[in-house]
Colleague: 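Dropping the structure in here first, questions after.
For the numbers below, each heavy atom of this structure counts, side chains included, while hydrogens, waters and symmetry mates do not. Everything numeric here is computed off the predicted structure, so don't read it as measured data.
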Amino acid sequence: AMAAKLVKAFGVPLVLYASSYVDLDSPDRRFSLTIGYFAVQAVLFLAYGFIFLRVLSKNEQGRVQLPSSNDQPGQVMTVIAYDKTKLREVCTQLVISPLIVYFLTQYTASTKPYVVQMFIGVISLFESS
């Protein structure tokens with residue numbers, strides 16, 4: 001997970017820098033990037049669906065102690081409940097992210113948000129494992 005965070009931290013600026021040398025806003029490339037972006041999103045949905053099915057099929061009875069926060073003491077959850085909670089958070093991000101990226105792409109009339117989010121989406125998959 002630490003390697004994925006480092007790749008994300010240093011990779012996003014590199015992707016933006018490299019994309020500044022390519023004309024991403026020509027009609028052909030714009031269409032290709034849009035299709036590529038939604039293909040990556042579809043693969044991510046399938047991957048998280050597979051992970052969700054694996055979590056549902058688990059029969060682990062262990063418990064997880066969550067760290068305490070400022071307003072609540074640490075909670076004890078079953079491993080399956082913890083996995084479902086984390087997976088629900090990731091799926092929420094996976095649903096909201098395309099909406100935000102689509103708005104940014106339409107608002108700025110640039111496809112760079114697609115490029116960056118394709119990169120971040122794949123890295124997030126490995127980071128959440």
Side-chain angles (χ1 to χ4, degrees):
M2 184 63 171
K5 288 181 183 181
L6 285 173
V7 169
K8 190 187 289 188
F10 293 109
V12 171
L14 288 174
V15 167
L16 283 173
Y17 178 74
S19 67
S20 67
Y21 288 103
V22 179
D23 179 24
L24 299 176
D25 295 323
S26 70
D28 291 340
R29 288 204 176 117
R30 187 175 186 81
F31 179 75
S32 298
L33 283 171
T34 303
I35 296 298
Y37 172 73
F38 285 108
V40 167
Q41 291 301 311
V43 168
L44 289 175
F45 272 115
L46 290 173
Y48 283 119
F50 176 73
I51 292 170
F52 182 71
L53 291 176
R54 296 277 312 259
V55 167
L56 288 180
S57 69
K58 265 187 181 179
N59 197 14
E60 196 169 325
Q61 299 299 325
R63 299 217 175 261
V64 176
Q65 173 74 32
L66 299 177
S68 60
S69 63
N70 294 338
D71 56 346
Q72 292 181 351
Q75 230 179 347
V76 177
M77 299 175 79
T78 64
V79 173
I80 295 172
Y82 176 77
D83 287 346
K84 285 182 183 179
T85 302
K86 287 297 180 183
L87 195 58
R88 191 173 293 119
E89 289 174 11
V90 169
C91 288
T92 301
Q93 291 174 354
L94 193 62
V95 169
I96 292 173
S97 173
L99 298 174
I100 293 170
V101 170
Y102 179 77
F103 172 75
L104 285 173
T105 302
Q106 296 304 314
Y107 181 74
T108 62
S110 173
T111 54
K112 283 187 182 182
Y114 282 155
V115 174
V116 171
Q117 190 58 34
M118 278 191 280
F119 179 77
I120 288 175
V122 173
I123 296 300
S124 294
L125 178 65
F126 292 107
E127 186 179 43
S128 66
S129 63

Colleague: If you measure from CZ on Phe103 to OG1 on Thr108, what distance do you get to the nearest 0.5 Å?
Modeller: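 Result: 9.5 Å between the selected atoms.
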Colleague: Count the heavy atoms belonging to other residues, nucleotides or ligands that lie under 6.0 Å from CZ of Phe31, then report whether that count exceeds 12.
Modeller: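 Check fails, neighbour count at 12 or below.
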Colleague: Using atom types as modelled and distance alone, determine if a side-chain donor or acceptor of Thr78 lies under 3.5 Å from a backbone N or O of Ala81.
Modeller: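 Answer holds: yes.
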Colleague: Tell me whether Val95 is reachable from Leu44 by hopping between hydrophobic residues (I, L, V, M, F, W, Y) whose side-chain heavy atoms are closer than 4.5 Å.
Modeller: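 Cluster IDs for Leu44 and Val95 match.
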Colleague: One pair to check against side-chain contact (heavy atoms from CB on, under 4.5 Å): Met118 and Leu33. What are the steps and the verdict?
Modeller: CA-CA 9 Å; Met118 278 191 280; Leu33 283 171; 3.7 Å; yes
Colleague: With clusters defined by side-chain heavy atoms of hydrophobic residues (ILVMFWY) lying less than 4.5 Å apart, directly or transitively, does Val43 cluster with Phe119?
Modeller: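 They do not share one cluster, since no chain of ILVMFWY contacts under 4.5 Å joins Phe119 to Val43.
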Colleague: Is Val40 linked to Tyr114 within one hydrophobic cluster, defined over Ile, Leu, Val, Met, Phe, Trp and Tyr using a side-chain heavy-atom separation of less than 4.5 Å?
Modeller: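 Val40 and Tyr114: one cluster.
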Colleague: I'd like to check Arg54 versus Asp83 (side-chain heavy atoms, cut-off strictly below 4.5 Å). Are they in contact?
Modeller: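 A side-chain contact under 4.5 Å is absent here.
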Colleague: Any chance NZ of Lys112 has more than 12 other-residue heavy atoms, nucleotides or ligands included, within less than 6.0 Å?
Modeller: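 For Lys112, atom NZ is crowded (more than 12 foreign heavy atoms under 6.0 Å).
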Colleague: Check the hydrophobic clustering (I, L, V, M, F, W, Y; side-chain heavy atoms under 4.5 Å; chains of links allowed) and say if Leu87 and Phe45 are grouped together.
Modeller: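 Yes, same cluster.
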Colleague: Considering non-hydrogen atoms only, spot the tightest contact between Thr111 and Thr105 and give its length.
Modeller: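 Nearest heavy atoms, Thr111 then Thr105: CA-CG2, 4.4 Å.
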Colleague: Answer with yes or no whether the hydrophobic clustering places Leu104 together with Ile120; edges join I, L, V, M, F, W, Y residues whose side-chain heavy atoms lie under 4.5 Å apart.
Modeller: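 Leu104 does not cluster with Ile120.
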Colleague: How long is the gap from CZ on Arg88 to CZ on Phe52, to the nearest 0.5 Å?
Modeller: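 One finds 7.5 Å between CZ of Arg88 and CZ of Phe52.
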Colleague: Give me the atom names and distance for the closest heavy-atom approach of Tyr37 to Pro98.
Modeller: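 Scanning both residues, the minimum pair turns out to be OH-CA, 3.1 Å.
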Colleague: Once rounded to the nearest 0.5 Å, what's the spacing between atom OG of Ser110 and atom CZ of Arg30?
Modeller: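 Here the rounded value is 7.5 Å.
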Colleague: Tyr102 versus Leu99: any side-chain heavy-atom pair under 4.5 Å?
Modeller: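 A side-chain contact under 4.5 Å is absent here.
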